[in-house]
2 protein chains.
Amino acid sequence: MPSSQLPDRTRPAGTDVARLAGVSQKTVSRVMNNEPYVREELRERVLRAAQQLGYRPNGAARTLTSGRTGRLGVACLGAGLYGPTSMLVAVERSARLLGYATCVAHTSPEDGHGLVGAVESLLEQGVDGIVLIEATDEGPLKLSTNVPVLTLGRFPGLVAARRIRADEHSNRSGHTATRHLIALGHRQIRHVAGPQRWWAARDRSEGWRTALVEAALPVTEPIEGDWSCASGFAAGSLLARDEAMTAVFAANDDMAIGLIRALTDAGRRVPQEVSVVAMDDLPASRYLRPALTTVARDFDAIAVDGVAALIREIAEPGTAARTVAEREPRLIVRESTAPAPGRDRRPQAD
Amino acid sequence: MPSSQLPDRTRPAGTDVARLAGVSQKTVSRVMNNEPYVREELRERVLRAAQQLGYRPNGAARTLTSGRTGRLGVACLGAGLYGPTSMLVAVERSARLLGYATCVAHTSPEDGHGLVGAVESLLEQGVDGIVLIEATDEGPLKLSTNVPVLTLGRFPGLVAARRIRADEHSNRSGHTATRHLIALGHRQIRHVAGPQRWWAARDRSEGWRTALVEAALPVTEPIEGDWSCASGFAAGSLLARDEAMTAVFAANDDMAIGLIRALTDAGRRVPQEVSVVAMDDLPASRYLRPALTTVARDFDAIAVDGVAALIREIAEPGTAARTVAEREPRLIVRESTAPAPGRDRRPQAD
DNA sequence: ACCGCTATTGACTGCGCAGTCATACGGGTC
DNA sequence: GACCCGTATGACTGCGCAGTCAATAGCGGT
């Protein structure tokens, strides 16, 4: 009885419990897995023995025989950014409620650790399914695994044997945001873009561009930021000198915050002289001054639907929908946008 | 040769590679683990065969024999909050750079899934070490495992066999923030607290209270929020009616943002009439208007030191320091604090 | 020729579990 | 009484790897 002295000195195994309970290891296994065909009396005896020894089934062994790990792997770009992080949290919660644990691998192109590397390390750890959150353009990407993959957001160029798509509406967001500005009468609408390596950033830029073209408005060169407030501030310092411009679509709220600070520092009032619309709806956005007009995604709903489909695909291959959770992004109008100041060239018309 | 047709139909095993390369499974194992005593020629032959079959070592089997998983488990409270999330990201990165994968289990007392449950699920998954980020008061807490545990932040009442502590300075932060207000001449200093179930919140409140007592200033009842902007806004709506008060310490930046909005909505200017200091240093905080004076923690340094110690403890039990990364929190003075408006009762003195 | 050593390789084994199958029992059916 | 069936239990096995140890080869020194 090696484990009767120190609980967990070397973790007790099923056979230890079996011995203590006077049953076979297989019966212990049955009890731990809630299988039928165990007398109530034995079941209780086993549970008591397990409790006494501090027995915890060994996941590795279980995985080895059953082939299932009970784990989802999440590869997530953008360590710390609001969107990816919110999605990650929502995914973890959804998975946990469905009985799955979550392994995270942040990709960081700076560390030379791209999506492939992240996925590779997850597969090596062993996961039953993979969730991909956000992607940069790393060229065509073939995942050589039969593990089902859930992609949250667009992943052009990704090839995977068993793939489920969710939330591919990212280009609508930029379109929605920009149309709001157009509807307010703005004609000179600039764009502070996210890093164009990111598909999400490109899609938002594309939405902006499309909306302008549809409205026959001039398309100017976007200013590319890196999602950070600081880059938004830098962009704002440049944009403040564009006298004709009366509105800006920033690719996320953080950049909008920096942008607005720079604009107002330069004496251009928001929204009276310049309207700003962004994306993300940070928890803080509605409490800022001015409160941000922004486009929100419903991370929770997307994660819940996506993970549910992924886990269904794991449990019963081939039965899950290939595309889920195509939610429309939602425009939230607050204080940072206002009707365009007069249609003439001078933005000071207010 | 079951796996030669479809790569990964049933994942190829080491024996498949061995057969293809004309060596023993053990040699494949040696190659995959970079062990010595393999001729260069064979090594290459094995690698080529592995490549060809798409071979990936099976983590579960490796864990079963070696007893090590290469995985760290992180139990993290406060899904989505800036502090815990930043810490989580930093931990994951540190772990990855040291060759460890990361499993996350968010605890959510609302879901009835406390710290114990989170740790339990991590242990069942199998992890080599556990990282605890933030805690609520769940009473005395005994972790019955010999897996080493790294705690980031204070965890009173936690008992674990092998524990490493990092970043237990949380009470200094509130003290530092409050002393800044005192130094500016403020006498009536209110406090918007975090939820007192959280130790971090209690510690910040304690720091505030201590600083006031040391300066012989009146200690009023804190207003308890829940870390959210909304709760800060609610607190601000109340505090705006306190004419005597000239400064507020908010337990985090988010609440400060809501607080300031409410104060200024009520006509009390920040910082001219009311100074606000908070904690976290959100990326956005320095671009707000007013930019927030706040106290920052160095998540990265704490995570790097903590995880390094944890992994050292895993590799060579007993050799790691029991306490690391005791960094002093850093006060960052910006625009939301100013000298107290005249010492008389009327705050409009500016 | 022999020893002692290092370098190289493979056979064998066991980790802890769940799948498979055999066994045993009690109660109905023909 | 032979048979079948549902229930209940355990013996045995293999998952894929790394640890152990034996076997072999080569080399320099005695």
Side-chain angles (χ1 to χ4, degrees), chain A residues 1-3 8-47 49-50 53-71 123-128, chain B residues 1-3 8-47 49-50 53-71 123-128:
Chain A
M1 259 166 270
S3 327
D8 216 338
R9 216 177 72 80
T10 74
R11 268 172 71 169
T15 50
D16 298 320
V17 177
R19 200 175 311 122
L20 181 57
V23 298
S24 73
Q25 173 267 322
K26 179 64 206 188
T27 296
V28 174
S29 166
R30 287 202 180 89
V31 171
M32 299 317 284
N33 292 288
N34 276 314
E35 287 175 25
Y37 301 142
V38 181
R39 256 184 310 153
E40 199 48 38
E41 182 221 328
L42 273 200
R43 183 179 302 277
E44 277 166 23
R45 190 133 53 91
V46 167
L47 287 176
L53 293 179
Y55 170 68
R56 222 178 333 256
N58 179 318
R62 173 177 292 178
T63 296
L64 194 56
T65 45
S66 70
R68 306 180 52 258
T69 63
R71 230 177 292 134
L123 287 174
E124 199 153 327
Q125 278 295 315
V127 291
D128 292 342
Chain B
M1 257 165 269
S3 331
D8 215 337
R9 216 177 70 81
T10 73
R11 271 172 70 169
T15 50
D16 297 321
V17 178
R19 201 175 310 123
L20 181 59
V23 299
S24 73
Q25 173 267 323
K26 178 66 207 184
T27 297
V28 174
S29 166
R30 285 204 181 89
V31 172
M32 298 317 287
N33 292 289
N34 277 313
E35 287 175 25
Y37 301 143
V38 181
R39 258 184 310 152
E40 198 50 37
E41 182 221 327
L42 273 200
R43 183 180 301 276
E44 279 167 20
R45 190 135 51 93
V46 167
L47 287 177
L53 294 179
Y55 170 69
R56 222 180 332 257
N58 179 318
R62 174 177 292 178
T63 295
L64 194 56
T65 44
S66 69
R68 305 180 53 259
T69 63
R71 230 177 292 135
L123 287 174
E124 198 152 328
Q125 278 296 314
V127 291
D128 293 342

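We name chains A, B, ... by the order of the sequence lines, and we start the count at 1 in each one. Since the model is a prediction, treat every value here as computed from it, not as a measurement.
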For the backbone of [Y] and the side chain of [X], can you confirm whether one donor and one acceptor N or O come within less than 3.5 Å of each other?
| X | Y | answer |
| --- | --- | --- |
| Asn33(B) | Arg30(B) | no |
| Arg11(B) | Pro57(B) | yes |
| Thr63(B) | Gly59(B) | yes |
| Asp128(B) | Arg68(B) | no |

Taking every non-hydrogen atom, the tightest pair across [X] and [Y]:
| X | Y | value |
| --- | --- | --- |
| Gly54(B) | Pro12(B) | O-CG, 4.1 Å |
| Ala50(A) | Val17(A) | N-CG1, 3.8 Å |
| Gly70(B) | Gln125(A) | O-NE2, 3.5 Å |

Review point. With nearest nucleotides of DNA chain C determined for Glu35(A) and Glu40(B) from heavy-atom distances, which residue corresponds to the more 5′ nucleotide?
Key: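 So the residue in question is Glu40(B).
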Point to revise | Pairwise 5' ranking along DNA chain C for Val38(B) and Ala61(B), keeping only the more 5' one | key: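 Checking each residue's closest nucleotide, the 5'-ward one belongs to Val38(B).
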Exercise for review: Rounded off to whole Å, could you give me the CD-to-P distance for the Glu41(A) and dA8(D) pair?
Suggested key: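 For the pair Glu41(A) CD and dA8(D) P, the rounded distance is 12 Å.
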Check your understanding: Using rotation axes that map the C1' atoms of four end pairs onto the next four (five pairs an end), what angle separates the end axes of the helix from dA1(C)-dT30(D) to dC30(C)-dG1(D), to 10°?
Key ->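 Result, rounded to 10 degrees: 60°.
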Point to revise | chain B contact limits on DNA chain C, taken 5' to 3' with a cut-off of 4.0 angstrom to heavy atoms | key: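 So the contact region on DNA chain C extends dA7(C) to dG16(C).
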Review point. Between Val23(A) and Tyr37(A), which has a closest nucleotide on DNA chain D that is more 5'?
Key: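 Nearest-nucleotide comparison on DNA chain D picks Tyr37(A).
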Practice item. Using heavy atoms to find the nearest nucleotide of DNA chain D for Arg30(A) and Gly14(B) separately, return the residue whose nucleotide is more 5′. Key: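 Per heavy-atom nearest nucleotide, the more 5' residue is Arg30(A).
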Review point. What is the nucleic acid contact for Pro36(A), judged by heavy atoms within less than 4.0 Å: base, sugar-phosphate only, or nothing?
Key: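 Counting heavy atoms under 4.0 Å across all strands, no contact is made by Pro36(A).
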Review point. Heavy atoms under 4.0 Å, any strand shown: does Ser29(A) hit a base, just sugar-phosphate, or nothing?
Key: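 Touches a base.
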**Study point:** Qualifying residues under side-chain contact (heavy atoms from CB on, under 4.5 Å), relative to Arg43(A), sequence neighbours excluded
**Key:**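 Once residues adjacent in sequence are excluded, the partners of Arg43(A) under the side-chain contact (heavy atoms from CB on, under 4.5 Å) criterion are Val31(A), Asn34(A), Val38(A), Glu40(A), Leu47(A).
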